[in-house]
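The block underneath contains the structure these notes are about, expressed in structure tokens.
From a predicted model like this one, the values you see are computed outputs, not experimental measurements. The residues of the chain are indexed from 1 along the displayed sequence.
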Amino acid sequence: MKELFAPVVVVGGSLGGTLAAWSAAKTGKGRKVLLLEETDWIGGQLTSQAVPPDEHRWIGEQGCTASYREYRRRVRSYYRNLPGYSNQIKIREAFCPGDSEVSHISHPPRLALRLLQEMLAPYEKDGTLTVITGAKLVGCDATADRIHSVTCRIGGEDVKITGELFLDGTDTGELVAISGTAYRVGAESREEFGETSAPEVANPRDMQPATYTAALENRLTGDYTIPKPAMYDEFRSLMMPYDKYPVFSMYGPDSSTGKAKRFGMFPGETDENGNELFPLFKYRKIVNAAYFTDGSQPYDVTLVNWPQNDYFLENVFDCEDPAEADYRARQFTLSFVYWLQTECPRADGGKGYPFFRLAGEYLGTEDGLSKSIYIRESRRIKGLFTVTGEMIKKGGNPVFADSVGVGSYHIDLHITTDTHTFFYEPSERFTIPLGAMIPEKMTNLIPACKNISATHLSGGCYRLHPVEWNIGEVAGMLAMFALQQGVAIADVRQDPQLFEKFVLILEANGIQRYWKEG
């Protein structure tokens with residue numbers, strides 16, 4: 001069997017995994033870093049899962065790392081340097097390229113991939129970083145407290161990879177699970193952490209839904225209807241488990257009422273009482289044709305990751321047949337797209353938008369769906385410290401002495417896969433505790449994305465792009481700092497002097513540890 005070695009091995013090129021590899025290479029003083037990713041795109045939710053950045057309202061001034069802020073600058077710089085892009089937009093200090101509802105800098109996943117690859121390129125060029133795509137994790141040699149090696153299938157061949165520290169950058173915590181690291185998944189009981197909004201009985205099967213994203217281009221005329229998906233009739237007959245409407249409809253869950261909420265398709269559409277409806281096409285729009293004055297982009301493009309295509313019928317990992325579940329989830333989104341093209345009621349009284357074209361060129365796929373399914377909830381390590389919903393919610397105190405970053409997002413649980421419940425609660429602006437990034441027993445594993453020690457409830461806050469970026473960036477620096485100091489990763493938190501040294505490195509690299517007033 002072929003063998004590879006690197007002091008730092010990052011398994012999984014999620015957004016956090018990518019940043020972990022980048023920051024480890026940047027701060028490692030020549031120590032080698034290996035990044036392994038199963039698909040052919042690094043970047044996770046920002047790229048292969050096709051989810052535009054979801055950001056808090058302070059993001060322009062604070063609340064993220066310096067590198068994330070630089071990424072945002074580079075997105076806008078790309079458009080400012082693009083011939084044929086509106087000068088009226090270019091001169092604005094801040095603008096959203098896609099003119100979306102959910103993001104301040106919504107842009108195509110292909111552009112996100114390009115910008116992330118540009119970040120990694122200098123370290124790949126000097127040999128510090130090696131990125132291997134098409135690398136599927138298939139095995140792990142580990143004892144109770146240490147990972148010795150992982151095995152990945154690369155190009156049809158099993159390759160053994162040894163290292164000193166292993167970072168789990170997979171969106172589902174694959175390395176956590178295969179290594180035997182203790183973890184939680186699904187809903188904890190109310191008693192376990194004293195979370196008043198948790199269920200009385202723990203339910204590890206009850207996870208947030210995963211979603212295949214679709215890219216739709218509004219061609220305005222013509223017929224681009226896809227062939228009827230194999231499972232369309234089955235999914236078309238489903239009714240909402242919480243209200244009287246079909247799942248495929250212009251209604252979706254409203255967390256504030258527990259009932260269905262009606263949506264519109266485009267801005268300006270109203271209900272029978274004249275109330276303006278939330279415009280779904282604008283929700284995650286990535287191309288606004290009006291901004292391209294040269295006509296090079298004549299059609300608007302949106303990413304369909306809407307309440308109606310959240311795959312809530314089953315889990316796609318820690319389940320009986322993950323491959324079958326993944327197929328059904330893909331069929332679910334294709335079926336919803338077919339419904340949009342053929343049956344969706346329009347504001348003008350007609351039915352269907354046959355001129356919505358699946359636009360795979362934006363996602364690097366032939367079928368117009370994302371390369372990977374968007375994962376909202378991962379396996380989560382049992383860490384030295386666990387962030388709970390009580391700490392995060394309004395009136396809580398999510399300010400931790402061992403903070404290594406900041407974030408802001410409400411507690412947001414989409415309709416779950418077993419009990420079919422959904423939940424929303426306002427939260428405080430929070431910090432990221434280092435203790436949540438250190439496993440209880442596994443001494444050389446570091447979670448690098450959504451797999452930190454959080455609960456089902458608090459994990460709904462820590463899953464957003466700026467926070468995952470922050471976690472990954474710190475994970476890479478933590479790995480290299482521990483190697484340079486010759487200490488265990490837990491020592492960095494437990495030893496006050498070591499922690500202060502680490503804080504200096506974080507601050508020197510633009511990590512904001514606490515929120516400023518305002």
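In summary, Arg262 and Glu269 do not engage in a salt bridge, as defined by a charged side-chain N under 4.0 Å from a carboxylate O. The pair Arg357-Glu217 meets the salt-bridge criterion, since a charged nitrogen lies less than 4.0 angstrom from a carboxylate oxygen. Glu343 has a carboxylate O that lies under 4.0 Å from a charged side-chain N of Arg236, or vice versa, which qualifies the two as a salt bridge. Salt-bridge formation is not detected for the pair Glu38/Lys371: no Lys NZ or Arg NE/NH1/NH2 atom is positioned less than 4.0 Å from an Asp or Glu carboxylate oxygen. Under 4.0 Å is where a charged nitrogen must lie from a carboxylate oxygen, and between Asp412 and Arg376 no such pair does. Residues Arg463 and Glu377 are not paired through a salt bridge, judged by the lack of any N-O separation under 4.0 Å between the basic side chain and the carboxylate. A salt bridge links Lys285 with Asp300: the closest approach of a Lys/Arg side-chain nitrogen to an acidic carboxylate oxygen falls below 4.0 angstrom. Salt bridge present: Glu192 and Arg184 bring a charged side-chain N and a carboxylate O closer than 4.0 Å. Salt bridge Arg205/Asp318: absent, no basic N to carboxylate O contact under 4.0 Å. Contact check on Glu61 versus Arg57 returns no salt bridge, with no Lys/Arg side-chain nitrogen under 4.0 Å from an Asp/Glu carboxylate oxygen.
The cationic group of Arg379 lies under 6.0 Å from the six-membered ring centre of Tyr183 and within 45° of the ring axis, placing it in a cation-pi geometry.
Between the Gln62 side chain and the Lys516 main chain, a donor and an acceptor come within less than 3.5 Å of each other. Using modelled atom types, one side-chain atom of Tyr514 and one backbone atom of Phe400 make a donor-acceptor pair closer than 3.5 Å. Asn218 places no side-chain N or O within donor-acceptor distance of the main-chain N or O of Val301, the cut-off being under 3.5 Å. The main-chain N or O of Ser77 is found under 3.5 Å from a side-chain atom of Asn81 such that the two form a donor-acceptor pair. Counting only distance, with no hydrogens or angles, the side chain of Ser335 and the backbone of Gln331 share a donor-acceptor pair below 3.5 Å. At distances below 3.5 Å, at least one donor-acceptor pair connects side-chain atoms of Lys90 with backbone N or O atoms of Leu82. Side-chain N or O atoms of Glu195 include one that pairs as donor or acceptor with a backbone N or O of Gly389 at under 3.5 Å. Counting only distance, with no hydrogens or angles, the side chain of Ser370 and the backbone of Ala50 share no donor-acceptor pair below 3.5 Å. Under the 3.5 Å distance criterion, the side-chain polar atoms of Asn451 are left unmatched by any main-chain donor or acceptor of Gly173. With hydrogens and angles disregarded, no donor-acceptor distance shorter than 3.5 Å links the side chain of Ser48 to the backbone of Ser372.
Environment of CD in Glu320: sparse, with no more than 12 heavy atoms of neighbouring residues, nucleotides or ligands closer than 6.0 Å. At most 12 non-hydrogen atoms from other residues, nucleotides or ligands lie less than 6.0 angstrom from CD of Glu517.
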Tell me, with the steps shown, if Tyr374 and Val51 meet side-chain contact (heavy atoms from CB on, under 4.5 Å).
CA-CA 8 Å; Tyr374 170 48; Val51 183; 3.6 Å; yes

Does the pair Tyr212 and Asn305 meet the rule for a side chain to side chain donor-acceptor pair (under 3.5 Å), with working shown?
CA-CA 7 Å; Tyr212 265 107; Asn305 180 344; over 6 Å; no

Please test Asp40 against Thr133 for side chain to side chain donor-acceptor pair (under 3.5 Å), starting from the C-alpha separation and ending with a verdict.
CA-CA 5 Å; Asp40 59 348; Thr133 56; over 6 Å; no

Worked verdict on Arg284 versus Glu101 for salt bridge (charged side-chain N to carboxylate O under 4.0 Å, His left out)
CA-CA 6 Å; Arg284 300 186 194 275; Glu101 288 283 342; over 6 Å; no

Assess the residue pair Glu191 and Glu200 against the criterion (side-chain contact (heavy atoms from CB on, under 4.5 Å)); give the C-alpha distance rounded to whole Å, side-chain angles, the decisive distance to 0.1 Å, and a yes or no.
CA-CA 7 Å; Glu191 181 182 10; Glu200 288 189 17; over 6 Å; no

Please determine whether side-chain contact (heavy atoms from CB on, under 4.5 Å) holds for the pair Thr386 and Ser453, giving the CA-CA distance in whole Å, both sets of side-chain angles, and the decisive distance to 0.1 Å.
CA-CA 5 Å; Thr386 300; Ser453 189; 2.8 Å; yes

Derivation and outcome, salt bridge (charged side-chain N to carboxylate O under 4.0 Å, His left out), residues Glu93 and Arg76
CA-CA 9 Å; Glu93 181 179 352; Arg76 290 180 174 138; over 6 Å; no

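Among residue pairs with one or both ends in residues 423-433, none qualify as side chain to side chain donor-acceptor pair (under 3.5 Å); sequence neighbours excluded.
Minimum heavy-atom separation, Asp206 to His456: O-CE1, 3.3 Å. Annotation for Phe248 and Gln308: closest pair CE2-O, 4.0 Å, computed over non-hydrogen atoms. Thr213 approaches Leu363 most closely through the heavy-atom pair O-CD1, 4.2 Å. Shortest non-hydrogen contact noted between Ser103 and Cys96 is O-SG, 3.3 Å.
Contact check for Ser403 versus Leu434: no side-chain heavy atoms found under the 4.5 Å cut-off. A 4.5 Å side-chain heavy-atom check between Val406 and Arg513 finds every atom pair outside the cut-off. Residues Tyr291 and Phe95 form no side-chain contact, since every pair of their non-hydrogen atoms from C-beta on lies 4.5 Å or further apart. Side chains of Met265 and Phe356 form a contact here, defined as non-hydrogen atoms less than 4.5 Å apart. At a threshold of 4.5 Å between non-hydrogen side-chain atoms, the residues Ser458 and Phe430 do not count as touching.
Annotation: side-chain contact (heavy atoms from CB on, under 4.5 Å) contacts of Ser14 (sequence neighbours excluded): Asp171, Cys449, Glu468. Remark: Pro267 pairs with Pro279, Lys282 by the side-chain contact (heavy atoms from CB on, under 4.5 Å) rule, at least two apart or across chains.
Note that CD of Glu55 and OH of Tyr409 are 12.0 Å apart. Values are rounded to the nearest 0.5 Å.
Remark: the Glu37 side chain and the Thr39 side chain contain an N/O donor-acceptor pair separated by less than 3.5 Å. In the model, Tyr353 has no side-chain atom that pairs as donor or acceptor with a side-chain atom of Arg346 under 3.5 Å.
Aromatic rings from His107 and Tyr71 are positioned such that their centres are separated by under 6.0 Å. Checked against a 6.0 Å centroid threshold, the rings of Trp306 and Phe263 do not count as neighbours. Aromatic ring centres of Phe312 and His420: separated by under 6.0 Å.
Checked options Tyr327, Tyr338, Phe235; the residue passing with Phe332 is Phe235 (criterion: ring pair (Phe, Tyr, Trp, His ring centres under 6.0 Å)). Screening Thr417, Asp418, Thr416 for a side-chain hydrogen bond (donor to acceptor under 3.5 Å, both in side chains) with Asn203, the sole residue that qualifies is Asp418.
Taking the six-membered ring where tryptophan is involved, the planes of Phe266 and Phe281 are tilted, since the angle between them lies from 30° to 60°.
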